[in-house]
Amino acid sequence: MIAYLVVREDNKWRDIYRLMPGQVITVGRAATNRIALQDEVCSRNHCEIYHSDDTWVLRDLGSRNGTFVDGMAVTGDCTLEPGQLIEIGACKLAYTDDLSRAFPILDNEKDPSEEDTGTAFEGVLDAPLPMSEPAIIHRRRRTRFRVTSQREPVGIDRTSLVLTQLYRLALEMGSAKDSQRLAEVVLAGLFESSRADIGAILLLPEGVGPETSPGQLTVVAYNTKNELPYQTVSDYLSSIVMQEREAVLARDVADDSRLINRDSLGQIHAQSVICAPIRSGQIVYGLVHLYTTGPDEPLDPDDLEFTLAVADQFAVAMENLRRQESLEEGLEKARDENKHLREQLAIQSDLVGSSPAMERLNQKIARIAPTDSTVLIRGESGVGKELVARAIHFSSERKNGPFVCMNCAALSESLLESELFGHEKGSFTGATGRKVGKFEQAHQGTLLLDEVGEMSPAIQAKFLRVLEGHPYERVGGGTPIKVDVRIVAATNRDLEQAVKEKGFRRDLYFRLHVVEIVVEPLRDHASDIPELATFFLDRFVRSTGRPARGFTQEAQEKLASYTWPGNIRELQNSVERAVIFSTGEFIKAGDIHLSGLDVDDVPQPPTEVSPSYRQISIEQLEQEHILATLEKTNWNKSKAAQILGIERSTLDRKLKRYSVTRPTHH
């Protein structure tokens, strides 16, 4: 567990010490201490800080004037928490495990003439006012190690070595997951390949403008070879580098207050300094700061070249890292929204009703959903076939996959093929780009094909191949596409009759007719009408803000006595219309407007096959069914043909073929 102590003196944050596990940090007035404080209030051996059980602990060594943490005197051992302030006389040491965090501004720092900004760690970058000109001996805007068409000739051995180091360092940068780790990787590479013995990475906050001041820089990582504390770069030098976007090398700066802060402990004397901008175009992300303390191996122009090359690569990595973080945030937001939408869809897929018919429907869905079988949902228009399909999807193992709905009756043959299977750019007039079809969109999910009986024979053939597991191609394409999709088909047509009349493929019918669900019309489970009406009322009241909160008794009786030829869809629309036009707290019978249609005017889909079985031919079964329908309609051939789903002329031909005439007793 690595932590830091930031020393404060003369109302300024100055020196940084790294706390390493296994070390004991002693603090006192004696020069033998790891942190020597020049304060008469401080005892010669005042206190010590050591690592124990993954925490750092402060122990007072019997000091004369005591040690204080956040204003409280320390007795015995005190476990330190990030952000706490250790006070020894006039000296303060801030404890932290993250240099990028800010310490709060202390009361004695505030200037009454200035606005309180609430942050203070940038004070670690402050320096005394400049007193003399710096001894800058070298400048460089572009590193010669950067490959260009006209680079300077250099020695092959030196160039090969540097390029190898840059390549390895670039790979390590690419593996960094955040800016903190990236800065640590860069510092380690610079220390390995330069003469620097102390250095740091200082970054600017995101979103700063072009008029950036050095006070906004924050130390995010530092390194040292000799256990000496890091001293921050001066405002003067950082201003030059940030404004001119040039890297600088300076020597013999131990007495130059422009380039190095006064050492509060009197131990460090920098001999040479490199400061390089971390830049990308006109954007400056921060600075690289390196310096040496020994006179024998000063930093040289080659070190400056290498540092600038690393800083440029650092900027590219920072740009990519921030772009990646932005994409990850957007992706996480999209995932949350997608999850919320799926939850909403699952809620809307709940089937409302407690009648025996609804209980049977829910039981059938519960048995079918866990399988991957193809489902054929049949029922009159408006009974809620799509809701049943959604319930199957969200109760299945595919619930985390997409649910895609396609109405086969809404498009022409060519457009339906494009919608189902997709198309390539230029495959037909208006195909300006590649389009992904519904099958691909529903991969590892469920595809609902509503009004499947309206497919043309050509589309049926291609659709059948996909159902049988064969790959398909987009319109105008040649690349085979294989998908994993569960098919749920819905129709209100008599598919058996369509098969007989050659309007629907027999093999496709048997491929779809694996598991069948017949959704009963609303009139057959009228006891659910009050519950459904209340459900729709609550939904529309929430969305419109209308004051309605229930139905009068007369309104309930009006809803219950109606036959609902449009089924649940008609009930939903009627309740919505009533909510809009009602003015009181309760919807009255006069607020409910019903259509003048009769149930007999609506074509009836086939019901489930009776469990009883007779050994007769299809032709004989058809004849009996036609006669039964004619009897039911009192031999009204037009109404019988409408119920049977055939033309009146077709009915006459069948009666003629069966030699059937109306009984004389009629």
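Just so you know, residue 1 is the first one in the sequence shown, and it goes up from there. Fair warning: this is a prediction, and the values are worked out from it, not measured in the lab.
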- Query: Does Leu420 reach the side chain of Met406, with side-chain heavy atoms less than 4.5 Å apart?
  - Reply: yes
- Query: Once you round to the nearest 0.5 Å, how far does CD of Glu576 lie from CZ of Arg546?
  - Reply: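 Those atoms lie 12.0 Å apart.
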- Task: Drop me the distance from Lys438's NZ to Glu419's CD, to the nearest 0.5 angstrom.
- Result: 5.5 Å
Donor-acceptor side-chain pairing of [X] and [Y] below 3.5 angstrom:
X	Y	value
Thr491	Arg378	no
Asp484	Gln444	no
Gln180	Glu184	yes
Asp528	Ser355	yes

- Can you name the residues that form a side chain to side chain contact (heavy atoms under 4.5 Å, CB included) with Glu386, not counting sequence neighbours? Arg390, Cys405, Leu448
- Query: Under the side chain to side chain contact (heavy atoms under 4.5 Å, CB included) test, which residues partner Gln497, sequence neighbours left out?
  - Reply: Asp494, Lys500, Glu501, Glu622, Ile646, Lys654
- Query: What closest approach, in Å, do His443 and Pro402 show between heavy atoms, and which atom pair accounts for it?
  - Reply: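 Heavy atoms of His443 and Pro402 come nearest at O-CD, 3.5 Å.
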- Message: Testing the basics here: between Leu571 and Leu559, what is the closest heavy-atom pair and its distance to 0.1 Å?
- Response: CD1-CD2, 4.2 Å
Check whether more than 12 heavy atoms from other residues, nucleotides or ligands sit under 6.0 Å from atom [atom1] of [X], and answer yes or no.
X	atom1	result
Phe581	CZ	no
Arg506	CZ	no
Asp178	CG	yes

- Query: For Phe421, is the NZ or CZ atom of Lys462 found under 6.0 angstrom from the centre of its six-membered ring and inside 45 degrees of the ring axis?
  - Reply: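 Judged by the rule, Lys462 and Phe421 form a cation-pi pair.
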- Message: Using ring centroids (six-membered ring only for Trp), state whether Phe551 and Phe586 fall under 6.0 Å.
- Response: no
